[in-house]
Amino acid sequence: MAQEDVFKKIVSHCKEYGFVFPSSDIYDGLGAVYDYGQNGVELKNNIKQYWWQAMVLLHDNIVGIDAAIFMHPTVWKASGHVDAFNDPLIDNRDSKKRYRADVLIEDQIGKYEEKIEKEIAKARKRFGEAFDEAQFRATNGRVLEQQAKRDALHERYAQAMNDMNLEELKQIILDEEIVCPISGTRNWTDVRQFNLMFKTEVGSTADGASTIYLRPETAQGIFVNYLNVQKTGRMRLPFGIAQIGKAFRNEIVARQFIFRMREFEQMEMQFFVKPGTELDWFKKWKQTRLNWHLALGFGNDNYRFHDHEKLAHYANAASDIEFHMPFGFKEVEGIHSRTNFDLSQHAKYSGKKIEYFDPESNESYTPYVIETSIGVDRMFLSVMCHSFEEEKLENGETRTVLHLPAALAPTKLAIMPLVKKDGLPEKAREIMDSLKFHFKCAYDEKDSIGKRYRRQDAVGTPYCITIDHDTLNDNCVTLRDRDTMKQERVSIDSLRALIEDKVSITSLLKKN
């Protein structure tokens, strides 16, 4: 099945099983805005809990804050967002649709890479175990041709973005014969810049209102609170400040479901270090963050680093952790060495002295910062994409199952009386009442036991127990594993010990 079709099924599954709904659905939705349903919010909260504990529980020099969404407008002047937070946009005159010029070109680069991968896949199938991928890449004419086109385009594109040469971006689109996906034509306008911040007003009257912005990132709330946290917490370098919160960007080209939205959530940590040590810390945090992802068990092959060639004006190093989505490798987390730009800018614009007194060297200086920033929604999507499977069973049937990491699953255990009589529901409720304080349980007595298993598979519940007539005599239940579908008879008294450790966030943290 084509990856595009798989992705459509995942999007449909998210709505059908209460993970993600279009916002304002009864009014036909609002573009690029989504609501998380009853299962989605549990999975999302578990992702956030896993990140939060990996930051503030495992590191005694990282603390958390929760800064306001509304901030003084000068914050965004100091950070550069007012003047430079722009996307290069281009319109197709025939379809009247607007696109990001950089995304169109990146998609074209991706097409060259896809052609290369297809050639490699065919060769691997043809030669089997004798296939030498490195030699094939270095000698195959078709691969070399596509690689040359890809590299030439990438170099030209990187230079244009680095110079922010809008004319060159358009020329690349024309030279590559990139067409509008809607109209199929190359009737493009010039490329122009568009600021992504949402504006609103604060004040009791129109005359007295002040223009402010919805924050486009959560990082600035950390930077403006640096002194508050450092002084009240008596923090010594190196130390970090973590935050989870909503951010807002007026994305003109929002796409790929919840991958790019106008209202989204970020998990960010700013790690303050002594100048001169930042690149060492940058390398350490790259590996630490990759380990956090790998602990989920999705496999090394699904992750890669993408080191930035074009750096933001405030950075001296930057790398993305990309995950293999159905639509290609895409960024889920960024690690950046931001130098001392942010604190210096806020010191300049606020008139406040923002420095750290180092008792060891007996000097004051502005700390440098290593940032780790991960999109909650993108992380949610990567988990769903990797977990979704339509599995063919030995009996010829097909089941839809979410192989969610047990610690992230919305419900950990489904409790099912075999029939709705003979005291079985009462016994099932008794078991649920004893376990619900330790992990999230669901009670399900409707339909046949087979249908109930399928229903729980579809929402990713890792374990189910069935209470039958023998339970009343031997105090045992049938425990079913979601992934293997194996069943075993276990004692009710042992259920908590069998399940709790496997479904706790701690089980993931121990793998970091």
Check against side chain to side chain contact (heavy atoms under 4.5 Å, CB included), D342 and Q270
CA-CA 11 Å; D342 299 278; Q270 308 298 330; over 6 Å; no
Nearest non-hydrogen partners of [X] and [Y], listed with the distance:
X    : Y    : result
C180 : S95  : SG-OG, 3.1 Å
E371 : A219 : OE2-CB, 3.6 Å
Q38  : V41  : O-CG1, 3.6 Å
P405 : S387 : CD-OG, 4.2 Å
L279 : S337 : CD2-OG, 4.4 Å
Q146 : Y112 : OE1-CD2, 3.2 Å

Do [X] and [Y] sit within salt-bridge range, that is, some charged N less than 4.0 Å from a carboxylate O?
X    : Y    : answer
K436 : D433 : yes
R454 : E390 : no
D377 : R260 : no
E114 : K118 : no

Decide if atom [atom1] of [X] counts as having more than 12 heavy atoms of other residues, nucleotides or ligands within a radius under 6.0 Å.
X    : atom1 : result
K48  : NZ    : yes
R304 : CZ    : yes
N473 : CG    : yes

How about [X] and [Y]: do any of their side-chain heavy atoms sit closer than 4.5 Å?
X    : Y    : value
V11  : K15  : no
K502 : Y463 : yes
D470 : R489 : yes
E488 : L498 : no
V459 : R455 : no
V332 : M325 : yes
V63  : F239 : no
K286 : D307 : yes

Flag, side chain of [X] to backbone of [Y], donor-acceptor distance under 3.5 Å:
X    : Y    : value
E263 : F248 : no
R378 : E333 : no
D457 : V401 : no
R452 : L418 : yes
D320 : E322 : no
N46  : A409 : yes
R100 : L89  : no
D422 : H469 : no
H386 : F298 : yes
R262 : G31  : yes

Between F380 and Y36, ring centroids under 6.0 Å
yes
Answer yes if the ring centres of F329 and F323 are under 6.0 angstrom apart, and no otherwise.
no
Would you kindly say whether N291 and T288 are connected by a side-chain donor-acceptor distance under 3.5 Å?
no
Taking the six-membered ring of Y443 as reference, does the cationic atom of R429 (NZ for Lys, CZ for Arg) lie under 6.0 Å from its centre and within 45° of its axis?
yes
Would I212 and W76 satisfy side chain to side chain contact (heavy atoms under 4.5 Å, CB included), going step by step from the backbone distance to the final call?
CA-CA 9 Å; I212 62 170; W76 306 111; over 6 Å; no
Distance, nearest 0.5 Å, that separates [atom1] of [X] from [atom2] of [Y]:
X    : Y    : atom1 : atom2 : value
T461 : N39  : OG1   : CG    : 7.5 Å
S373 : R338 : OG    : CZ    : 8.5 Å
E106 : K330 : CD    : NZ    : 7.0 Å
F19  : M384 : CZ    : CE    : 4.5 Å
F223 : T218 : CZ    : OG1   : 9.5 Å
S79  : R215 : OG    : CZ    : 13.0 Å

Taking it one step at a time, do D301 and H324 satisfy side-chain hydrogen bond (donor to acceptor under 3.5 Å, both in side chains)?
CA-CA 8 Å; D301 292 344; H324 193 201; over 6 Å; no
Can you list the steps and then say if L495 with I431 is a side chain to side chain contact (heavy atoms under 4.5 Å, CB included)?
CA-CA 9 Å; L495 279 174; I431 295 172; 4.1 Å; yes
Identify all side-chain donor-acceptor contacts of residues 49-58 below 3.5 Å with residues at least two apart in sequence or on another chain.
{"residue": "Y50", "atom": "OH", "partner": "W292", "partner atom": "O", "Å": "2.7"}
{"residue": "Y50", "atom": "OH", "partner": "N512", "partner atom": "ND2", "Å": "3.1"}

CA sep, side-chain torsions, deciding dist, call: E268, Q243, side-chain hydrogen bond (donor to acceptor under 3.5 Å, both in side chains)
CA-CA 5 Å; E268 292 197 329; Q243 179 175 212; over 6 Å; no
Sole residue of F7, F388, F257 in ring pair (Phe, Tyr, Trp, His ring centres under 6.0 Å) with H13
F388
So H308 and H306, would you call those rings parallel, tilted or perpendicular, with 30° and 60° as cut-offs?
tilted
Do the ring planes of Y303 and H293 sit parallel (below 30°), tilted (30 to 60°) or perpendicular (above 60°)?
tilted
Criterion salt bridge (charged side-chain N to carboxylate O under 4.0 Å, His left out) on E133 and R137, from CA distance to verdict
CA-CA 6 Å; E133 181 177 332; R137 284 179 177 272; 3.0 Å; yes
Go through the steps to decide whether L393 and M485 satisfy the test side chain to side chain contact (heavy atoms under 4.5 Å, CB included), and finish with yes or no.
CA-CA 10 Å; L393 305 177; M485 294 188 292; 3.4 Å; yes
Pair listing, side chain to side chain donor-acceptor pair (under 3.5 Å) test, anchored in residues 400-415, at least two apart
E389-H403, H403-D483
Residue from I415, D468, T471, V477 passing side-chain contact (heavy atoms from CB on, under 4.5 Å) with K427
T471
